[in-house]
There are 2 protein chains.
Amino acid sequence: MTKILLIEDDSSLGATLRDRLQKEGYEVVWTRTVKASKEAVDKSEFDLYLFDVGLPDGDGFELAQALPKKPFIFLTAQGDAESRLKGYDLGAEEYIPKPFHLREVLLRIRHVLDNHMPVPGLEIGEIKVNFDSFEFYRDGAKEPIAVKDLLLLKLLVTKSPNAVTRDEALGCIRGDDKFPSNRTVDNAILRLRSALGDAGPRIESVRGVGYRWRKD
Amino acid sequence: MTKILLIEDDSSLGATLRDRLQKEGYEVVWTRTVKASKEAVDKSEFDLYLFDVGLPDGDGFELAQALPKKPFIFLTAQGDAESRLKGYDLGAEEYIPKPFHLREVLLRIRHVLDNHMPVPGLEIGEIKVNFDSFEFYRDGAKEPIAVKDLLLLKLLVTKSPNAVTRDEALGCIRGDDKFPSNRTVDNAILRLRSALGDAGPRIESVRGVGYRWRKD
DNA sequence: TCTCATCTGACAAAGCTGTGACAAACGAGA
DNA sequence: TCTCGTTTGTCACAGCTTTGTCAGATGAGA
């Protein structure tokens, strides 16, 4: 489930946002201080941060840099051009000045998530892949797989529907410094296809270019 | 080149934006009215619209719905929550309230383009081509095609309405170092025409010169 | 030394491209 | 309009390049 860290010190606004977000199906953790937010990110990983800039024990701009890199949205009373620019400079995806409609926030969140959702893992028929834990399951049974092969699979899936060139694939598997033979990539693809079983043909070769993951 | 349609009736602001955008390497067409904007999109295709909401002969919200669907950014003095929401509802990618820094606009433009450009494909009537995934669709059905043939199609379309000489075509398909027979180009054209089906005749031969893509 | 992952080379299979032959279309001159 | 030389359309197929597959070599750690 998509997990949002909501950082807002105003009780009324915070509660409203939290409730609404939960109603939309997001998992929400609500913190009110810089300190609490840092603790929260230690405990679990989030997909998106929703920030108030002005916090009792520090400001959101600094906090944004301290947290693990995830897309974040600023939510703030300081709607002037300088603040917005500062927010975007820090990498904010959106900067929503108060007052705002809840609906606007939801739209923006969906927009950001659409563009930034990390690859949460694959689930194709009897195959399950977790790119974070590097585990590969078929019919519920864990199968051994090389980490590098998994990285290649991840690259293919994230780039999909675009093709991944052989060079990219090679760079993903090896460091960019080595130049092993062409068979190296083929072998990785071969192992992946075989590991994927029925879903193997989803890795399509693009002659003269590389490979492409076909979604269904 | 990335093409931006700038719609802004304020002369001073419009000129500033246009100059700055051009300096950044974008191709800019600047219009001041709803009418002129509609004419502009008839003449050529844009990658992004940059809108003032308040225009002398209509409002940007309506115009946004009338233009061919492309990502667009609203640029407006009406920075209140209702207007923003309306803008986003219409599908605006960004809503930048005045006053703003030029740099902020540039950042947002780049942001939007980064997220929306990854399909630098062609869409010509019933034909769809994606040059990142190297896929070719006719009437929604995927058809196999050689990458080199795709490159030639791209060349033809981008050069249109100008003709592409046989030599250019050859250089596009092969490396410039080889000099195969004339039939090579013919074959590529043949395959393309056949792949294009009904749209095949859009590749016109220009006797003694080469070929030309005819837009409709 | 053993183990494991990775790389390499050999060969097979698949797919693309160039070639030549011939037909059709075109354009210039007669 | 007709003729003829040239250019382009079309086709089949041979040859070549790329990719699939595999087995054995290599090399770094345990």
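For clarity, every value in this text was computed on a predicted model and none was experimentally measured. Proteins come first, then strands; the chains are lettered A, B, ... in the order of their sequence lines, and each starts at number 1.
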message: With a cut-off of less than 4.0 Å, is there a side-chain N or O of A/Ser205 near OP1 or OP2 of D/dT18?
response: no
task: Considering just the side-chain nitrogens and oxygens of B/Thr184, establish if one lies under 4.0 Å of OP1 or OP2 belonging to C/dG18.
output: yes
Intermediate values then yes/no, side chain to side chain contact (heavy atoms under 4.5 Å, CB included), A/Tyr211 and A/Arg166: CA-CA 7 Å; A/Tyr211 297 88; A/Arg166 281 174 155 268; 3.1 Å; yes
Between [N] atom [atom2] and [X] atom [atom1], what is the distance in whole Å?
X: B/Ile189; N: D/dC11; atom1: CD1; atom2: P; result: 15 Å
X: A/Asp167; N: D/dT18; atom1: CG; atom2: C1'; result: 14 Å
X: B/Arg166; N: D/dG9; atom1: CZ; atom2: P; result: 7 Å
X: A/Leu151; N: C/dT6; atom1: CG; atom2: C1'; result: 15 Å
X: B/Ile203; N: D/dT10; atom1: CD1; atom2: P; result: 11 Å
X: A/Leu170; N: D/dT19; atom1: CG; atom2: P; result: 13 Å
X: A/Tyr211; N: C/dG15; atom1: OH; atom2: P; result: 13 Å
X: B/Leu190; N: C/dG18; atom1: CG; atom2: P; result: 14 Å

Report the nucleotide, chosen from [options], that has the shortest atom-to-atom distance to any side-chain atom of [X].
X: A/Arg191; options: C/dT6, D/dT21, D/dT8; answer: C/dT6
X: A/Ala146; options: D/dG9, C/dT6, C/dG18; answer: C/dT6
X: B/Lys148; options: D/dG20, D/dG9, C/dT17; answer: C/dT17

For a quick test of your reading: what N or O donor-acceptor pairs under 3.5 Å do the side chains of residues 192-203 of chain B make, sequence neighbours left out?
from: B/Arg193; atom 1: NE; to: B/Ile203; atom 2: O; distance (Å): 3.2
from: B/Arg193; atom 1: NH2; to: B/Ile203; atom 2: O; distance (Å): 2.8

message: Tell me if the NZ atom of B/Lys35 is crowded by more than 12 foreign heavy atoms within 6.0 Å.
response: no
task: Say whether B/Arg32 and B/Ser11, considering side chains only, have a donor N or O and an acceptor N or O under 3.5 Å apart.
output: yes
message: Using a 3.5 Å distance criterion without hydrogens, assess whether the side chain of B/Asn130 forms a donor-acceptor pair with backbone atoms of B/Asp132.
response: yes
- line: In B/S/- notation (B base, S sugar-phosphate only, - none; protein heavy atoms under 4.0 Å), nucleotides 20-30 of chain C written 5' to 3' is BB---BBS---
field: A/Phe61-A/Phe74 aromatic ring centre distance below 6.0 Å
entry: yes
task: Identify whether the distance between the nearest side-chain nitrogen and carboxylate oxygen of B/Arg191 and B/Asp149 falls below 4.0 Å.
output: yes
